[in-house]
Visitor: 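Take this structure first; my questions come after.
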Amino acid sequence: MRLLTNSSTVRFGIAFLMLGCMATMCLLWFTQKEQKEMDERKMETENLAKEAELFKLRQQLQPHFLFNSLNSISALIGSQPEQARKMIYQLSDFLRGTLKKEEQQLVNLEEELEYLELYLDIEKVRFGHRLSTIINCEENCRQMKLPSLLLQPVVENAIKFGLYDTTDDITIRISATANNNYLEVVVENPFDPETSSPKKGTGFGLSSVQRRLYLLFARNDLLETKSDNNLFITKVKIPQLI
Amino acid sequence: MKALIIDDEPLARSIIKEYLQHFPQIELAQECNDGFEGVKAIHQHQPDIIFLDIQMPKINGFEMLELIDNPPATIFTTAFDEYAIKAFESHAVDYLLKPFSKERFDKAIQKWLGQSATAILKNNTQSLLEAVAQSPAQSQRIVVKTGGKIKIIPVEEIHYLEASDDYVKIHTKEGHFLKNKTMSHFEQLLDANIFTRTHRSYMVNIQQITRMEPYEKESYMVVLKSGAQVPVSKTGYAKLKLVLGL
């Protein structure tokens, strides 16, 4: 009888211990699940914020460009209505491009260059003979991928820097090459080293490009600028994901 | 009456030209591509009114006006510039936002024709120039006229400034340039961490200083990298000590 009483204490003890173990395990399991859900929610929020920022960065349109283009159209309507109409189509196509929703979408260099031509055609109407461009693209990089609308702000920065830093006619050079697993695009514009320090060139236009590259590739070394005599050179490297 | 159009975009000039045709009393004397041409043309034609773009190559519209002793009546034209628009409004200077209608243009001309007999307009332009000179974009460099040429001096290249009658002498490694401004104008304009007013008539770029020497009683002299010596008053000495952390 004494043995039974004794063993019942032990049995109670064991039962109690097992119950305790189960409770702890349950608690652990639920906490972990909750943690996981919280992490997921956090990641989702971060992704949304990242996407929103990327969209905003891509969509950044210089109000100067828009209003001056509209002013050019207004002037053309009187003298060259056909040209005015053409410019309205070009401007519309350009604006539609900036409004596309699919974020992070990679496009071929060929498509990106077509879009860039649209932008350059508008700028050439505005600035007349002062602006000319040379685009060199190696055949093997035409199908290489890059984030859409990445090059336009780089070229816009080069045009602004070039056109407002000298009173001469300027040529903007854009060249694309394949280098290992990278697509390299180099944009060159003239500037006057006597009156402006090159650091001015890495203005707002380029910092948004830098930020985009960081958000997409988590790297800060994909955009480089340097000056060589009176040339300001911007180089963008885009990793090709195999 | 004579008018000038100063704008770097050919089409922007052509629309003003078109609108001006409705005012036979106004003769378009010249169209200018940039501020350099503008300065020359203003001297040559002495226009009654100019249509002036702000964002232009090398020197902007404001910097161009600063180079002219008696700027003519000015109607500014710009596409977008929050800072400038605020300045226009607070100084009652007329401006046209591109693209602008013929009606809006006519209104600006009528307003000018109504006011042109008075000097108010010119005073407004002067105070406007004072105001925009303080804008962040303009405090990086100083535009001066030297002989027949226009020189752009980045502020970091200034060694020191010296008051000289109604002018301020800007000393650089290429010699000195005169600007029709006051010392207090520059004191407001330039970064106080780099330029210190060491004396009633002197302001020095502290990055150019090599040493400081006593000079007469209670006053000092700083010697610059170029070898130039700049006087330091008693109050100037206290300021300098503070900036240099001595």
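Only heavy atoms go into these numbers, but all of them, side chains included; no hydrogens, no water, no symmetry mates. Here is how names work: the chains are called A, B, and so on, in the same order as the sequence lines, proteins then strands, and each is numbered from 1. Predicted model only: the values in this text are computed from it and were never measured.
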Visitor: Are the side chain of B:K98 and the backbone N or O of A:N71 linked by a donor-acceptor pair below 3.5 Å?
Guide: no
Visitor: Should we count NZ of A:K86 as having more than 12 external heavy atoms under 6.0 Å?
Guide: no
Visitor: B:F80 vs A:F67 aromatic rings, parallel, tilted or perpendicular, using cut-offs 30° and 60°?
Guide: parallel
Visitor: Would you mind telling me which of A:S79, A:A75, A:G128 has the largest number of heavy-atom pairs within less than 4.5 Å of chain B?
Guide: A:A75
Visitor: Going from NZ on B:K58 to CG on A:L163, what distance comes out if it is rounded to the nearest 0.5 angstrom?
Guide: 12.5 Å
Visitor: Can you give me the closest heavy-atom contact between B:P10 and A:R126, atom names plus distance?
Guide: CD-O, 3.3 Å
Visitor: Just how far is it from atom CG of A:N68 to atom CG of B:D8, taken to the nearest 0.5 Å?
Guide: 8.5 Å
Visitor: Using a cut-off of 6.0 Å, state whether more than 12 heavy atoms not belonging to A:K124 lie near its atom NZ.
Guide: yes
Visitor: Does the side chain of B:P57 come within less than 4.5 Å of A:R130's, by heavy atoms?
Guide: yes
Visitor: If you count heavy-atom pairs under 4.5 Å between each of A:F127, A:F65, A:Y164 and chain B, which one has the most?
Guide: A:Y164
Visitor: Tell me whether the count of non-hydrogen atoms from other residues, nucleotides or ligands lying under 6.0 Å of CZ in A:R85 goes above 12.
Guide: no
Visitor: Applying side-chain contact (heavy atoms from CB on, under 4.5 Å) to A:L76 and B:L11, what does each step give before you reach the verdict?
Guide: CA-CA 7 Å; A:L76 285 170; B:L11 287 168; 3.7 Å; yes
Visitor: Which atom pair, heavy atoms only, marks the closest approach of A:G78 to B:E18?
Guide: CA-OE1, 4.4 Å
Visitor: What part of B:Q55 is in contact with chain A, defined as an atom under 4.5 angstrom from a non-hydrogen atom: side chain, backbone, both or neither?
Guide: both
Visitor: Are the side chains of B:I15 and A:S74 in touch, meaning some heavy atoms are under 4.5 Å apart?
Guide: yes
Visitor: Is it true that, when you exclude A:E46 itself, more than 12 heavy atoms of the residues, nucleotides or ligands shown sit nearer than 6.0 Å to its CD?
Guide: yes
